[in-house]
Amino acid sequence: MVEKNNRFIFDKQMTTSIKGVAICIMLFHHFFGFPNWIEGGIVFYGIPFRGTTIEYYLAVFGKVCVAMYTVLSGYGLFISYEHKEKLWDFPYLLRKTIGLLLNWWLIVLIVEVPIIFIQNLGGGVDRIIGHLTLTNLEGNPFVGYLKFYLLALWTSPLCYMIVKRWKWNNLFLFILPFAGMTVRKIMFKAWGSTDIIETYALYIPYFLTGMMIYKAGFYEKSFRSVKKFKWGKGIAFFLIIGCVVMRTLAGAHALSFDSWFALILIFAIALCFQEFIGIRRGFAWLGQYSTGLWYSHAIWIFGGIVMQKILYAPRIPILIIVWGIALCMPGVVIVEWLMKRCNALRSKKKLE
């Protein structure tokens with residue numbers, strides 16, 4: 001976030017840095033929020049609190065990472081459509097789809113396949129085929145959200161049309177979570193859990209929230225209000241702590257309202273990063289690999305007791321997060337390099 005000609009700018013580097021923060025929140029959520037996932041005998045030095053640990057309660061808050069990614073995606077796609085000559089640009093949608101799937105396929109082949117065979121994990125070839133085709137996510141259930149994102153991507157032109165033409169966008173911004181919760185409850189009552197459809201009904205309001213934020217100039221208006229005070233960083237800190245406490249106390253009941261927590265957190269983090277440029281750049285570096293980290297970190301949780309022993313070896317939670325990132329990064333960097341090579345070759349063919 002920079003101020004240029006007295007105008008608030010939420011640029012690409014800022015959104016990438018916030019994705020870097022979001023991936024850390026996601027790792028914390030998955031590493032410490034599900035005690036039943038951790039094999040017997042594996043321990044870490046958590047801070048005892050109310051029969052469990054402080055880390056567990058912070059991990060409960062970490063569920064908001066999904067909403068943060070979804071809000072940022074809606075925000076970015078709205079900007080993309082604002083600069084497009086035609087709305088239903090199928091080659092554009094196809095390119096983004098291929099990019100997401102290629103990244104996932106490479107992660108499976110380069111990262112998961114060797115570990116599946118070395119660890120002799122159940123399923124073998126069937127598991128690999130299921131992962132590649134997104135039909136069986138055993139061992140990596142988090143990628144179920146990839147199916148949601150692809151569905152959201154292909155319906156995003158329609159979402160853009162709705163948001164673009166909606167006049168009462170400021171009011172709608174606060175109504176959206178109620179809409180998501182209502183649709184979700186109706187679907188559960190009528191059909192029970194319906195996997196991707198139910199997920200879509202729950203998270204699409206977050207996607208729309210991101211589009212609304214850009215159209216309404218929500219962050220720009222908020223920034224103009226906050227910059228009047230000398231203690232801007234104090235306000236940001238208060239917002240972050242407030243969101244963590246409220247989201248943690250609300251637990252699963254807050255799921256339908258995560259777009260509210262996400263939009264506040266994103267703004268508060270950007271407010272902090274306004275001055276801490278070095279930290280912002282560090283998280284921006286991490287953010288550029290966030291998709292690969294999202295795809296690959298599950299193997300260290302669901303790859304058997306040996307993988308978990310390696311992951312939780314540092315014992316101290318913050319070091320486990322850093323260590324988890326370090327374990328994932330070699331495979332992620334290789335995949336990122338291959339992705340860039342594929343894009344370069346494709347661009348070269350177009351020029352020829």
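Sorted by first then second residue, the salt bridge (charged side-chain N to carboxylate O under 4.0 Å, His left out) pairs that include residues 150-166, not counting sequence neighbours, are Glu82-Lys164.
Between Phe267 and Tyr219, the ring planes are parallel. Angles under 30° get that label, and only those over 60° would be called perpendicular. The aromatic rings of Phe78 and Tyr160 lie tilted to each other, with the angle between the two planes from 30° to 60°. Between His30 and Phe34, the ring planes lie tilted relative to each other; the angle falls in the 30° to 60° range.
With a 6.0 Å cutoff to the six-membered ring centre and a 45° limit on the axis angle, Lys84 counts as a cation-pi contact of Tyr92.
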Tyr69/Tyr145 under ring-ring contact (aromatic ring centres under 6.0 Å, His included): CA gap, chis, key distance, verdict: CA-CA 11 Å; Tyr69 275 115; Tyr145 291 106; over 10 Å; no
Chi angles and distances behind the side-chain hydrogen bond (donor to acceptor under 3.5 Å, both in side chains) call for Trp154, Thr97: CA-CA 9 Å; Trp154 281 89; Thr97 299; 2.8 Å; yes
Intermediate values then yes/no, ring-ring contact (aromatic ring centres under 6.0 Å, His included), His29 and Phe61: CA-CA 8 Å; His29 174 55; Phe61 152 77; 9.4 Å; no
Tyr149 and Thr70: CA distance, side-chain angles, deciding distance, side-chain hydrogen bond (donor to acceptor under 3.5 Å, both in side chains) verdict: CA-CA 8 Å; Tyr149 186 80; Thr70 311; over 6 Å; no
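Pro314 and Leu319 make their closest contact through CB-CB, 3.8 Å (heavy atoms, listed as atom of the first residue, atom of the second, distance). Summarising the geometry of Ile25 relative to Cys65, their closest heavy-atom pair is CG2-CB, 4.0 Å, with the distance given to 0.1 Å.
Side-chain atoms of Tyr312 come within 3.5 Å of backbone N or O of Phe31 as a donor-acceptor pair. Listed for the Arg127 side chain is a donor-acceptor partner under 3.5 Å among the backbone atoms of Glu138. Here the side chain of Gln308 pairs a donor or acceptor atom with the backbone of Ile301 at under 3.5 angstrom. Judged by distance alone, the side chain of Lys221 and the main-chain N or O of Ala216 form a donor-acceptor pair under 3.5 Å. No donor-acceptor pair under 3.5 Å is formed between the side chain of Trp323 and the backbone N or O of Ile318. Under a 3.5 Å cut-off, the side chain of Trp104 and the backbone N or O of Leu146 do not form any donor-acceptor pair. Listed for the Trp105 side chain is a donor-acceptor partner under 3.5 Å among the backbone atoms of Leu132.
Here OG1 of Thr209 is found 10.5 Å from CG of Asp258. Values are rounded to the nearest 0.5 Å. One finds the OH atom of Tyr295 at 10.5 Å from the CG atom of Leu106 (value rounded to the nearest 0.5 Å).
Under the 6.0 Å cut-off for aromatic ring centres, Phe302 and Phe142 qualify, their centroids lying closer than that. Ring pair Tyr56/Phe32: centre-to-centre distance not below 6.0 Å.
Put simply, the side chain of Asn136 does not reach to within 4.5 Å of the side chain of Asp126, judged on heavy atoms. Counting heavy atoms from C-beta outward, Ile204 and Cys159 have side chains that approach closer than 4.5 Å.
Under the side-chain contact (heavy atoms from CB on, under 4.5 Å) rule, Pro157 has a single partner from Leu93, Asp89, Leu77, which is Leu93.
Crowding of Ile47 atom CD1: a count of heavy atoms from other residues, nucleotides or ligands under 6.0 Å not exceeding 12.
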